[in-house]
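A quick note: this is a predicted structure, and the numbers were derived from the prediction, not measured.
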Amino acid sequence: AKRLKGWKIKDQGADHTYKFGRFKLRAGRSVTIHTGRGADTRFDRYWDLDNYVWNNDGDKARLLTRGGKTADSCSYSGGSSPNSPKRC
């Protein structure tokens, strides 16, 4: 399991940052980050924002370690439905 406390997800434009609290991600598992409101579970985490984060014409999410290094990134480009999830 990887402890993600202090890790962040940031967009490339405005300073939208999601910061993981105490959280462990087990090997072979995934977690879905929702920008809206909801109750956190071990499979779903909620940013609790009222505004949109991702641009419909393209945006890039970066996963940053506690030390600020990019661990991974994922590009989003609008598709047929702006509400469809992007899996990275």
Side-chain angles (χ1 to χ4, degrees):
K2 183 72 171 172
R3 294 181 193 275
L4 296 180
K5 183 176 182 180
W7 286 47
K8 299 174 184 176
I9 295 177
K10 294 185 74 155
D11 76 337
Q12 72 182 21
D15 189 19
H16 296 113
T17 303
Y18 172 83
K19 186 174 181 181
F20 281 94
R22 186 175 173 190
F23 183 75
K24 270 196 256 183
L25 185 61
R26 299 186 193 284
R29 297 286 177 113
S30 64
V31 61
T32 300
I33 308 298
H34 303 270
T35 55
R37 297 186 181 279
D40 290 341
T41 70
R42 63 183 198 215
F43 301 111
D44 294 280
R45 308 306 279 184
Y46 291 84
W47 206 320
D48 292 332
L49 297 176
D50 291 324
N51 299 321
Y52 294 108
V53 171
W54 313 112
N55 299 329
N56 285 340
D57 61 349
D59 210 340
K60 185 176 190 176
R62 292 182 301 136
L63 175 64
L64 305 174
T65 66
R66 198 174 15 240
K69 293 186 178 183
T70 300
D72 202 356
S73 65
C74 177
S75 293
Y76 167 82
S77 60
S80 58
S81 172
N83 296 322
S84 61
K86 173 69 176 170
R87 305 248 189 262
C88 301

To the nearest 0.5 Å, how far apart are [atom1] in [X] and [atom2] in [Y]?
| X | Y | atom1 | atom2 | answer |
| --- | --- | --- | --- | --- |
| H16 | I9 | NE2 | CD1 | 14.0 Å |
| L4 | R22 | CG | CZ | 13.0 Å |
| R62 | T65 | CZ | OG1 | 11.0 Å |
| R66 | R3 | CZ | CZ | 9.5 Å |
| S75 | K60 | OG | NZ | 5.5 Å |
| L25 | S30 | CG | OG | 7.5 Å |

Counting distance only, does the side-chain N/O of W47 pair as donor-acceptor with the main-chain N or O of T17 below 3.5 Å?
->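 Yes, the answer is positive, given that a donor and an acceptor are paired below the 3.5 Å cut-off.
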
Is a side-chain donor or acceptor of T41 paired with a backbone partner of F43 at a separation under 3.5 angstrom?
->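 Yes; judged by distance alone, with no hydrogens or angles, the pair exists.
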
Which atom pair, heavy atoms only, marks the closest approach of D48 to G38?
->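 The pair with the smallest heavy-atom distance is OD1-N, 3.5 Å.
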
Side chains of L64 and K69: does their closest heavy-atom pair fall under 4.5 Å?
->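 With C-beta onward as the side chain, the pair stays apart.
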
D44 and H34: CA distance, side-chain angles, deciding distance, side chain to side chain contact (heavy atoms under 4.5 Å, CB included) verdict = CA-CA 7 Å; D44 294 280; H34 303 270; 2.7 Å; yes

Output every pair passing salt bridge (charged side-chain N to carboxylate O under 4.0 Å, His left out) with a member in residues 24-39, not counting sequence neighbours, ordered by first then second residue.
->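 Qualifying pairs, neighbours excluded: R37-D50.
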
Going hydrophobic residue to hydrophobic residue with side-chain gaps under 4.5 angstrom, can you get from V31 over to V53?
->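 Same hydrophobic cluster.
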
With side chain to side chain contact (heavy atoms under 4.5 Å, CB included) as the test, would you mind laying out the steps for L63 and W7 before giving the verdict?
-> CA-CA 7 Å; L63 175 64; W7 286 47; 3.9 Å; yes

Could you list the residues that satisfy side-chain contact (heavy atoms from CB on, under 4.5 Å) with D40, not counting sequence neighbours?
->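 Here the qualifying residues are R45, Y46.
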
